[in-house]
Structure formats: C-alpha cells, structure tokens
Amino acid sequence: MSHFEARRIHSADRVRVVLTGECDLRSRDEMTATLLEAVRAGEMVIVDLAGVRFLDSSGLHALVTAHHAALERAGNLYVVNATGTVATVLEITGVLELLRDPTQAVDGAAARPDQSA
C-alpha cells in the first residue's frame, strides 16, 4: 500500500501545502481535495514536493487541476523542492515550467530548497 500525506500551513499571504510519500492513483482524490482547499484559502499556494518520492500522471493531473483553479481565482500555484525522479517527471512533461515560481532562480530551481514560508 502506498503512503501519502498532505498538510497545509497557512500564513498571512500564502498557503503552503507539504506533500510526502507517493502521489499516485490511490492518493489522487486526497491530493486534489487538499490542493483545491488551499487554492480556495489563499491567493498564492506553494506546493512543497521535497518529501514526494513518486509522482505519476494522477499526481500531475492534481497539480494542473489546482493550477487552473488558482488561475480562475486570479491566484497562483507553484511547486518547489522537487528532486530526483519527481523533478524529472515534472520537467519532461512541462509541468515544472508551468508551475515554477518566476521569482525563483531558473538554474537548478527544481532541486534547490525553497526558504520562503
């Protein structure tokens, strides 16, 4: 059985969603619900992927769905701290470019830890 956990951390101007474990078909509904709740709660959502060790198309779909929901609310959703195969999947599919925070450095941004929030 896959392990997955999602928690939200609220601050004054953003919501940080910390994901850990495997973002796959089994966790898709929980992941999507958590991300959409975060989008409803704040204009800026930062999704921290440092603890994610597996990401498949279900996880990608949840991220893109939440991104579109954020845009509909004139907000933003960004991913940070993706490493290893998770960063590779995001990069190959173009999702990393779509969800990269433009205020973060481009060189090595996928692997560089985010120090904000």
Side-chain angles (χ1 to χ4, degrees):
M1 182 187 264
S2 64
H3 167 76
F4 175 77
E5 184 178 331
R7 60 187 172 93
R8 291 180 314 202
I9 303 167
H10 296 266
S11 66
D13 61 341
R14 67 182 63 187
V15 178
R16 186 178 194 90
V17 178
V18 179
L19 302 177
T20 57
E22 300 175 7
C23 299
D24 57 16
L25 186 59
R26 290 184 191 204
S27 60
R28 177 192 63 195
D29 293 341
E30 180 183 354
M31 181 177 172
T32 302
T34 300
L35 292 173
L36 291 176
E37 288 170 13
V39 166
R40 286 190 291 273
E43 286 184 26
M44 179 183 284
V45 177
I46 305 296
V47 182
D48 189 334
L49 300 175
V52 175
R53 61 183 177 271
F54 179 80
L55 178 74
D56 71 3
S57 61
S58 301
L60 290 171
H61 185 266
L63 289 169
V64 173
T65 297
H67 166 71
H68 286 292
L71 292 178
E72 288 176 8
R73 299 176 60 83
N76 295 295
L77 181 138
Y78 301 117
V79 297
V80 296
N81 299 332
T83 60
T85 58
V86 172
T88 301
V89 168
L90 290 169
E91 190 169 354
I92 288 171
T93 59
V95 175
L96 182 60
E97 186 63 33
L98 178 70
L99 301 182
R100 177 179 281 139
D101 183 347
T103 65
Q104 299 292 311
V106 173
D107 294 334
R112 193 173 299 140
D114 172 54
Q115 299 300 319
S116 62

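In this text the structure is predicted, and so the values were computed from the model without any measurement. Start at 1 with the first residue, then count along the sequence.
Atom CG of N76 sits about 8.0 Å away from atom CG of D101, to the nearest 0.5 Å. Annotation: the span from E37 atom CD to L35 atom CG amounts to 9.5 Å, rounded to 0.5 Å. Note: T93 OG1 to L98 CG = 9.0 Å, rounded to the nearest 0.5 Å. A distance of 9.5 Å separates CE of M44 from OG of S11, quoted to the nearest 0.5 Å. Between atom CE of residue M31 and atom OG1 of residue T65 there is a gap of 9.5 Å, rounded to the nearest 0.5 Å.
Remark: of the listed residues L90, V18, V17, L90 is the sole one forming a side chain to side chain contact (heavy atoms under 4.5 Å, CB included) with L49.
Heavy-atom minimum distance, E30 versus F4: OE1-CD2, 3.6 Å. Between A66 and L36, the closest heavy-atom pair is CA-CD2, 4.0 Å. Contact record, L99 with L77: CD2-O, 3.7 Å, taken as the closest heavy-atom pair. Contact detail for V52 and V86: the closest heavy-atom pair is O-CG2, 3.4 Å.
Applying the side-chain contact (heavy atoms from CB on, under 4.5 Å) rule to E5 yields the partners H3, R7, T20; only residues at least two apart in sequence or on another chain are considered. Shown here are the side-chain contact (heavy atoms from CB on, under 4.5 Å) partners of R73, two or more places apart in sequence or in another chain: V39, R40. Under the side-chain contact (heavy atoms from CB on, under 4.5 Å) criterion, H10 pairs with R8, V15, A41, sequence neighbours left out. By the side-chain contact (heavy atoms from CB on, under 4.5 Å) test, F54 pairs with E22, D24, D56, sequence neighbours left out.
No side-chain heavy atom of H67 sits under 4.5 Å from any side-chain heavy atom of L63. Contact of the T88 side chain with the E91 side chain is not registered, since no non-hydrogen atoms from C-beta on lie closer than 4.5 Å. At a threshold of 4.5 Å between non-hydrogen side-chain atoms, the residues L60 and V89 count as touching.
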